[in-house]
Amino acid sequence: MYILGISCYYHDASAALLKDGMVVAAAEEERFTRKKHDTSFPINAITYCLKSQCITMGQIDYVGFYEKPFLKFERLLGQHVQMFPWSLKTFVSAMPSWIHEKLRIRKSIKKLGYQGEVYFIEHHLAHAAASFLVSPFKKAAILTADGVGEWSTTTWGIGNENEIQLLGEIRFPHSLGLLYSTITAYLGFSVNNSEYKVMGLAPYGDMHKKTNLYYEKLKQVIDIKEDGSYTLDLKYFKYHYANRMPSRAMEKLLDGPTRKREGEKKGSGKESELTQRHKDIAAALQLILEEAMTAMLKDLYKKTQCKNIVLGGGVALNSVYNGKVLGKTLFKRMWIHPNPSDGGSSIGVASYIYHTILDKKREKRHQLSHAYLGPAFSTEEIQQFLDARGIKYSKFKNRQDLIASTAKMIFENKVVGWFQGKMEWGPRALGSRSILANPCNPRAKALLNEKVKHREHFRPFAPAVCADDALKYFDCDKPLPEITDFMLMVYPIKKEWHKTIPSVTHVDGSGRLQTISRKQNPLYYDVIKAFGKLSKAPILINTSFNIRGEPIVCTPADAYTCMMGTGIDCLVMDTFLIQRSDNEQDQWNSEQYAND
Amino acid sequence: MNIHKKKQGSVALFFVGTQQGIKSFGENIQTLVNTLLLSIVYFVGVGIAWLMCKLSKRTFFAEKPRPEATTYWEPMDLKKRPMEEYRRQF
């Protein structure tokens with residue numbers, strides 16, 4: 001039985017395919033169209049899913065969509081009615097896409113040749129299903145939090161076997177996700193994209209509630225009750241009726257106008273200076289988010305008395321907070337989908353159809369134990385590409401040669417593009433489409449930021465470590481949560497290692513680690529171990545294979561273009577080694593494309 | 001031979017340019033008509049709904065915190081329903 005799940009039209013459009021309840025393929029549309037956070041109907045992702053199983057749309061048994069479009073439309077109309085006449089501009093700009101595509105999703109799906117019914121579930125139910133139904137837990141408390149779905153912005157509930165019950169909600173426009181996005185916009189970063197930058201900026205600010213002036217100021221914006229439920233004072237916001245997020249009142253409260261990006265004009269790539277005030281605001285926001293989330297989770301534990309917790313929605317990408325959950329609450333185990341925001345909901349709706357609507361039992365094989373669900377390219381396909389383009393390359397003698405040579409190149413401070421196997425599902429590169437570098441090199445961070453990624457100096461790089469070494473280098477929860485495999489947790493790096501791996505140690509001594517087991521990704525695991533033999537620290541810098549503003553590479557052509565336009569020294573693609581210095585550099589310079 | 005090719009190129013370029021121009025003109029007209037019609041819908045449809053809501057004191061969401069409230073959680077009971085309900089878009 002094949003079930004296709006689709007999410008699109010808000011951000012991160014995606015498609016996922018289930019075969020007898022197991023996720024066999026999933027990808028985000030942006031990887032194919034090369035438009036970051038592409039919202040359009042995921043025709044390319046669907047095509048990939050079908051191709052991966054050699055089937056056609058006619059062979060799909062069920063199709064599910066990740067939200068109820070008419071409920072969302074009702075919310076939109078309610079917003080416009082309440083905010084009349086200030087919402088004219090957003091009404092005029094939003095309505096055409098609703099009329100032409102968003103309310104016609106069923107028609108778009110039928111056009112593909114699908115004859116059956118389309119199933120629609122609520123947005124937060126899709127988030128809850130994406131997290132719970134593919135988790136290792138039979139029973140768990142559920143908390144979902146994002147910008148907004150139909151009306152809900154935060155929900156709690158319980159998952160038991162193959163059923164989910166959502167029991168409480170906080171409704172639009174009161175939203176933790178939108179509060180975070182508003183401050184992201186205020187700090188001059190792009191909404192629905194750069195929230196993680198604010199999270200990375202926060203440790204540079206004052207993380208103490210008593211001394212951070214902006215903590216008390218931001219507390220005026222949100223009222224948090226003892227049970228963690230919250231509401232926003234809407235005088236500080238404009239997103240419910242305008243295309244701008246913070247209001248003048250917010251700017252007054254935070255002692256200055258919204259930070260403008262000098263780099264808004266494509267090509268300059270430089271932002272205006274971030275002052276200590278901006279850093280303190282980021283810190284205050286992170287403190288408030290953590291305060292609300294902790295209160296909600298503590299209350300959720302009281303209500304459910306469940307030892308397991310699953311988190312869903314975009315807020316679950318806040319890896320700094322994720323790393324603190326088990327320490328601050330009474331929950332013993334936690335699970336988060338590798339793609340917890342809207343993109344992951346395509347798996348959510350498909351799993352919900354299989355397990356809940358069709359009443360199929362959950363089994364161990366249905367768990368999502370890895371995120372390698374995207375397209376792969378065979379050795380022949382890659383060689384064909386290299387030959388056709390006249391690219392100079394060499395071939396590794398064997399697997400051992402590949403591992404030893406790659407580890408040696410990284411140890412010699414070369415920046416290595418790593419393109420192997422199936423592309424990752426979700427926003428993180430997990431060792432299939434990664435850029436690898438030496439974390440022991442104190443200059444690696446600056447080098448990667450300046451020559452490869454063209455990104456802000458304050459953003460940290462993530463360490464990749466074998467699961468069996470993680471507790472030696474990091475102060476992790478014990479036992480190590482499975483979701484560290486998905487780079488969703490930030491933990492303190494043990495003090496004695498700060499100087500050994502300076503390029504992955506953030507300003508507060510933390511690192512957003514990715515753990516790898518040999519079973520999950522043997523080649524990547526062996527490279528890390530081989531590097532460890534040379535450096536005495538089996539840890540690598542693992543950053544996504546892209547430049548700022550572009551989606552992670554998908555095809556060999558994307559990877560080669562990215563390498564030749566940046567400062568990546570070589571590309572290890574399948575069994576081939578492509579040196580940048582051996583090939584003629586493309587005319588384009590990646591820096592000019594680096595954007596938010 | 002080359003001149004002939006060049007001429008062909010300019011003719012093709014002319015048609016491509018014209019086609020693009022017409023497309024862009026059409027899009028501008030579409031935007032203009034959409035804006036006009038949607039503005040009318042907004043002021044008439046949304047405006048009347050707003051007036052009715054004002055008269056009946058109905059609001060879609062609270063704009064200020066309620067210090068007297070003990071919780072902002074609103075109860076919901078979203079659980080498994082009959083299959084037909086999932087076929088609806090609302």
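If you're wondering where the values come from, they're calculated on a predicted model, not measured in any experiment. So you know, we letter chains A, B, ... as the sequences are listed, proteins then strands, and number each from 1.
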Segment of [X] engaging chain B (4.5 angstrom heavy-atom cut-off):
X      : value
A:Y119 : both
A:E117 : side chain
A:I353 : neither
A:I164 : backbone
A:T154 : both

Report the distance from atom [atom1] of [X] to atom [atom2] of [Y], rounding to the nearest 0.5 Å.
X      : Y      : atom1 : atom2 : result
A:H80  : B:Y42  : NE2   : OH    : 7.5 Å
B:L38  : A:S93  : CG    : OG    : 9.5 Å
A:K225 : B:T70  : NZ    : OG1   : 7.5 Å
B:D77  : A:Q165 : CG    : CD    : 5.0 Å
A:S229 : B:E74  : OG    : CD    : 10.0 Å
B:F60  : A:H240 : CZ    : NE2   : 14.0 Å

Is the number of heavy atoms from other residues, nucleotides or ligands within 6.0 Å of [atom1] ([X]) greater than 12?
X      : atom1 : answer
B:M52  : CE    : no
A:Q115 : CD    : no
A:K303 : NZ    : yes
A:K298 : NZ    : no

Who wins among [options] for the most heavy-atom pairs under 4.5 Å with chain B?
options                       : value
A:M296, A:K235, A:H174        : A:H174
A:I99, A:L77, A:T155          : A:T155
A:F70, A:F120, A:F84          : A:F84
A:K68, A:R106, A:Q79, A:R75   : A:K68
A:V118, A:I222, A:D233        : A:D233
A:D227, A:L232, A:T356, A:L71 : A:D227

Exercise. Is the distance between the ring centroids of A:Y352 and B:Y86 under 6.0 Å?
Worked result: yes
For this session: List the atom of A:Q82, the atom of B:F61, and the distance in Å for their closest heavy-atom pair.
Result: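 Minimum heavy-atom contact is NE2-O, 2.8 Å.
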Exercise. Where does B:P82 contact chain A at under 4.5 Å (heavy atoms): side chain, backbone, both or neither?
Worked result: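 Contact with chain A: none, neither part.
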For this session: Could you look at B:T31 and say if it's the side chain, the backbone, both or neither that has a heavy atom under 4.5 Å from chain A?
Result: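 Looking at B:T31, nothing touches chain A.
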Exercise. Counting heavy-atom pairs under 4.5 Å to chain A, which of B:G45, B:A62, B:S39 comes out on top?
Worked result: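 Maximum pair count with chain A is reached by B:A62.
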For this session: Count the heavy-atom pairs under 4.5 Å between each of B:K64, B:R58, B:K79, B:E85 and chain A, then report the option with the highest count.
Result: B:K79
For this session: Show your reasoning for whether side chain to side chain contact (heavy atoms under 4.5 Å, CB included) applies to B:Q89 and A:I105.
Result: CA-CA 10 Å; B:Q89 297 192 54; A:I105 181 71; 3.7 Å; yes
For this session: Give the intermediate values and the outcome of side chain to side chain contact (heavy atoms under 4.5 Å, CB included) for residues A:L88 and B:F43.
Result: CA-CA 8 Å; A:L88 171 66; B:F43 284 109; 3.9 Å; yes
For this session: Under the side chain to side chain contact (heavy atoms under 4.5 Å, CB included) rule, what do B:W73 and A:L167 come out as? Steps first, then yes or no, please.
Result: CA-CA 9 Å; B:W73 283 118; A:L167 293 159; over 6 Å; no
For this session: Flag the pair A:E163 and B:R81 as a salt bridge only when some basic side-chain nitrogen lies within less than 4.0 angstrom of an acidic carboxylate oxygen.
Result: no
